[in-house]
Amino acid sequence: MDRLLIRGGQPLCGSVTVSGAKNAALPAMVAVLLTSEELVLENIPSLRDVATIERLLQFMGVEPREGGSGSVCLSSRAVRRCEAPYDLVRTMRASVLVLGPLLARFGKARVSLPGGCAIGPRPINLHLAGLQRMGAEIEIVEGYVVAKAPRLIGTRFAFEQVSVTGTENLMMAATLAKGTTVLENAAREPEVGDLAHLLQKMGARIEGAGTSTITIEGVEDLAGTQHRIVPDRIEAATLAVAGAITQGDVLIQGCIPQHFEAVTTKLQEAGAAVAVEEGGLRVRMGTRPQAVDITTAPFPGFATDMQAQIMALMAIADGKSVITETVFENRFMHIPELVRMGADITFGGPTALVQGVPCLRGAPVMATDLRASASLVIAGLQARGETVLHRVYHLDRGYERLEAKLHSLGGEIQRVEG
Ligand code: EPZ
């Protein structure tokens, strides 16, 4: 397994371009199941999770055609299996996104329950409740969701909890349903808006994406189209925090600053200078950060996917910060590893108390999940001495060549293969 070797202390300086958003690429690729025509998707990042969804779609019979760099051309003209097997779904929960499109277009689906993952049990009860409200007959057989629906019917469905992929699953299902569907307490994440934009280009009738209430008027069929997915706001915010912790000066190009304002606002409160410049965002930090309190929340709140990364910054802040994780049950697994690097962090339930220390110390550390890995890379960029990050495959799920991007900014970081 690959390892990353990081020697801290170098300020990151220069410009870097973010890749396409993982969490927009996954639903966009699944949307090919809604049409018999070809989808051409651009700005698709080269990530493990993207490769996983591509394998799953190919298992069903979707035919990928090589596009240019960063482009994926998919056709579901020859789909012959409406199934998502356990060995694929268990490695990536987002595979459950195929449920809605399979039911909408083919009237049947057999999809493995995702099982839990490192950050929590991650049930899909809201996905299933919404599809049942749309007329799907659903039963759980030997760990699989077995669903059928001659024709989904439009309905009104209120999410008792905001769910990003739950919103995406039902929105895709509703595009081909008979009648109108209204999703209430829908997720407002930019990736939901990007999926809605793609579906509209395919001929779907969707209003309100990006707000808490999305209205979808079903149509008979959808066409192929071409679409460039949005830049990755979590990668951009991760790079911003890396620039801040190293007291550097980084221009993050190709990002959409409005997509991660909650994070940049916190960086400014901590003492960073943040400015929109030349098609990107410039982040400068000249001092040790001030401690700030953070509570995660669905968009437009502070993204749970940035909690581990900002905690690394707070670990060396001047003062004490309270970080509360409200979205997932078990998203503090980076804490024991940060403590091994000299951080002073205690936690109980959803709240962590971070007492800033002047400097971290390099150490061998273990990645446990995607964003915890990013947190440890950020900590290693500040720590004195060498940090060795093991199980880098977690990082590769959601960051395209992160070490190359950080190295191009002057970070002393390299990958050791094998
Ligand atoms: C999406 O996951 C993202 N993944 C996650 O990013 C992100 O952390 C999460 O949204 C929250 O923003 C993709 O978009 C592929 P949820 P998702 O459904 O949709 C509970 C990353 O790091 N819930 O919004 O799976 C759930 O347990 C990944 O890139 C139910 O109880 O998350 C959680 O506590 C990690 N029942 C909360 O809702 C359901 O049916 C939010 O989950 C669905 C969700």
Side-chain angles (χ1 to χ4, degrees), residues 19-31 45 47-50 52-53 56 89 91-100 111 113-133 138 140 145 157-172 183 185-195 212 229-230 232-238 259-260 262-263 296-309 325-331 333-334 350 367-375 394-400 402:
S19 301
K22 166 178 84 81
N23 291 348
L26 299 177
M29 291 170 72
V30 167
L47 301 171
R48 289 183 69 228
D49 277 7
V50 169
T52 300
I53 206 80
L56 173 58
V89 175
T91 61
M92 189 182 63
R93 164 191 163 76
S95 308
V96 294
L97 280 168
V98 303
L99 251 178
V111 175
L113 283 168
C117 78
I119 62 178
R122 303 190 73 185
I124 59 166
N125 59 308
L126 300 176
H127 299 234
L128 302 183
L131 292 169
Q132 282 173 318
R133 282 291 297 272
I138 293 179
I140 307 298
V145 175
F157 181 76
F159 284 89
E160 64 191 49
Q161 180 168 7
V162 173
S163 169
V164 174
T165 51
T167 301
E168 292 167 345
N169 224 338
L170 297 188
M171 184 166 70
M172 287 192 281
L183 302 178
N185 198 25
R188 299 171 55 191
E189 273 67 4
E191 294 78 22
V192 173
D194 195 45
L195 174 63
S212 300
I229 64 160
V230 291
D232 195 317
R233 63 192 170 99
I234 304 300
E235 182 191 27
T238 301
H259 285 180
F260 54 109
V263 176
T296 65
F299 191 87
F302 190 98
T304 173
D305 292 351
M306 279 303 302
Q307 177 260 110
Q309 297 91 312
E325 171 58 62
T326 68
V327 177
F328 288 110
E329 300 82 357
N330 182 33
R331 204 168 198 177
M333 285 174 301
H334 42 286
T368 51
D369 61 84
L370 168 56
R371 305 304 174 182
S373 318
S375 172
H394 287 291
L395 192 73
D396 295 338
R397 289 192 56 172
Y399 289 94
E400 186 178 31
L402 184 63

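Both ligands and their constituent atoms are indexed starting at 1 by order of listing. Remember, it's a predicted structure, so these values are computed and weren't measured experimentally.
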Does an N or O anywhere in Glu189 fall below 3.5 Å from an N or O of ligand 1? no
For Val327, the ligand 1 atoms with a heavy-atom partner under 4.0 Å come out as 33 (C), 34 (O), 37 (C), 41 (C)
Side chain, backbone, both or neither: the part of Gln161 lying under 4.0 Å from ligand 1 by heavy atom: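 The answer is the side chain.
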Heteroatom proximity flag, Gly166 to ligand 1, N/O under 3.5 Å: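 The answer is no, given that Gly166 and ligand 1 share no N or O pair closer than 3.5 Å.
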If you measure every N/O of Phe328 against every N/O of ligand 1, is any gap under 3.5 Å?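 For ligand 1, there is no N or O atom that lies under 3.5 Å from one belonging to Phe328.
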Which ligand 1 atoms are under 4.0 Å away from a heavy-atom of Arg371? 21 (C), 22 (O), 29 (O)
Are the side chains of Arg233 and Glu191 in contact, using a 4.5 Å heavy-atom criterion? yes
Closest heavy-atom approach to atom 8 (O) of ligand 1 among Thr296, Thr326, Asp305 is made by Asp305
When distances are taken from atom 19 (O) of ligand 1, the protein heavy atom at minimum range is Thr165 OG1, 2.6 Å
Contact (N/O only, under 3.5 Å) between Leu370 and ligand 1: no
For ligand 1, the portion of Arg93 having any non-hydrogen atom under 4.0 Å away: side chain
Say whether Asn23, considering both its backbone and side-chain N or O atoms, lies within less than 3.5 Å of an N or O atom on ligand 1. yes
Out of Ser163, Ala25, Ala372, Pro123, who is nearest to atom 27 (O) of ligand 1 when you count heavy atoms only? Pro123
